[in-house]
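Written out below as structure tokens is the structure these notes cover.
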Amino acid sequence: MSGQTQRLNVVPTVTVLGVIKARLIGATRGHALLKKKSDALTVQFRQILKKIVSAKESMGDIMKNSSFSLTEAKYVAGENIKHVVLENVQTASLRVRSRQDNVAGVKLPKFEYFTEGETKNDLTGLARGGQQVQLCRAAYVKAIEVLVELASLQTSFLTLDEAIKTTNRRVNALENVVKPRLENTIQYIKGELDELEREDFFRLKKIQGFKKKEIEKQMAAAKKFAEEQVAEKVSLQKGISMNAAHNFLAGTIQKDEDIIF
């Protein structure tokens, strides 16, 4: 069944027409709100996409620099620098926490990095290569910051993508299915109500016609009865038959009409 012929299976009454009109108003408002929500989510989606592209472009250089700085630290401080760093580190100084941002009713996860406590490995590589080890640490801290930001953007990107798809499906359903079906139902009910009004009007006209014919019959019967009474009176006065009295009255009426015209 095509979208133009689809309608709800309802009884065509005035009450149902009011209910369907109210549902159409609600569907129209819901469609407008969902359309605005979809537009807002799309704008945020494009902004996040631009940030992801920028973060990925910068991540290549940052990861390259951090790897190169690690190579330099190993060259200066020796290959066993890894064990020295692990011995001096007790707890992580760079941590990640999550929170949620609300964008047009959609909760987007967001990750943030923060520093907790003081750095306790300042003496790492004091014998040789200490400065290079600190530069390597700073390079990797910057790499972690970029990775955390990219993870937050990617998660928000996927969440927004799913929310936009769901919202667009609802918008399309309201625009192409629900609203046309309600509009077709309203047209159907109006057509049926108009047909009922035409049937009532035709029924009233027929009743008026029957009443008019009945009145004409009654008037004709009353006229005939009056003529019979007059003819009987003339018959008694003139001493003539009823047919002769009728003919006499008909001639009298004809003469009066001739005199008038």
Joint hydrophobic cluster, [X] plus [Y], side-chain heavy atoms closer than 4.5 Å:
X: Leu49; Y: Leu160; answer: yes
X: Leu135; Y: Met63; answer: no
X: Val146; Y: Ile52; answer: yes
X: Ile48; Y: Leu150; answer: yes
X: Val14; Y: Phe201; answer: no

Examine distances only and state if a side-chain atom of [X] and a backbone atom of [Y] form a donor-acceptor pair shorter than 3.5 Å.
X: Thr42; Y: Ser38; answer: yes
X: Thr159; Y: Thr155; answer: yes
X: Asp101; Y: Leu108; answer: no
X: Ser98; Y: Glu112; answer: no
X: Ser67; Y: Lys64; answer: no

Mind checking whether [X] and [Y] have side chains closer than 4.5 Å, heavy atoms only?
X: Lys37; Y: Val171; answer: no
X: Ile20; Y: Glu183; answer: no
X: Asp39; Y: Val43; answer: no
X: Glu216; Y: Lys212; answer: yes
X: Leu193; Y: Ile189; answer: yes
X: Arg181; Y: Arg23; answer: no

To the closest 0.5 Å, what do you measure between [atom1] ([X]) and [atom2] ([Y])?
X: Ser54; Y: Met59; atom1: OG; atom2: CE; value: 11.5 Å
X: Glu175; Y: His31; atom1: CD; atom2: NE2; value: 4.0 Å
X: Tyr140; Y: Ser66; atom1: OH; atom2: OG; value: 4.5 Å
X: Arg29; Y: Leu34; atom1: CZ; atom2: CG; value: 14.5 Å
X: Ile144; Y: Ile62; atom1: CD1; atom2: CD1; value: 12.0 Å
X: Leu158; Y: Leu153; atom1: CG; atom2: CG; value: 11.0 Å

### Query
Has Lys179 got more than 12 heavy atoms of other residues, nucleotides or ligands less than 6.0 Å from its NZ?
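Atom NZ in Lys179 is crowded, with more than 12 foreign heavy atoms closer than 6.0 Å.
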#### Entry: Over 12 foreign heavy atoms within 6.0 Å of CZ, Arg46
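It does not: Arg46 CZ has 12 such atoms or fewer within range.
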### Verdict with supporting geometry, Gln154 and Lys56, side chain to side chain contact (heavy atoms under 4.5 Å, CB included)
CA-CA 11 Å; Gln154 285 286 146; Lys56 285 188 175 181; 3.5 Å; yes
### Query
Which heavy atom in Phe111 sits nearest to a heavy atom in Ser152, and how many Å separate them?
N-OG, 3.2 Å
Decide, yes or no, whether a salt bridge links [X] with [Y] under the criterion of side-chain N to carboxylate O below 4.0 Å.
X: Asp200; Y: Arg198; value: no
X: Lys211; Y: Glu214; value: no
X: Asp194; Y: Lys190; value: no

### Query
Given Lys165, which of Thr167, Asp161, Asn168 fulfils the side-chain contact (heavy atoms from CB on, under 4.5 Å) condition?
Asp161
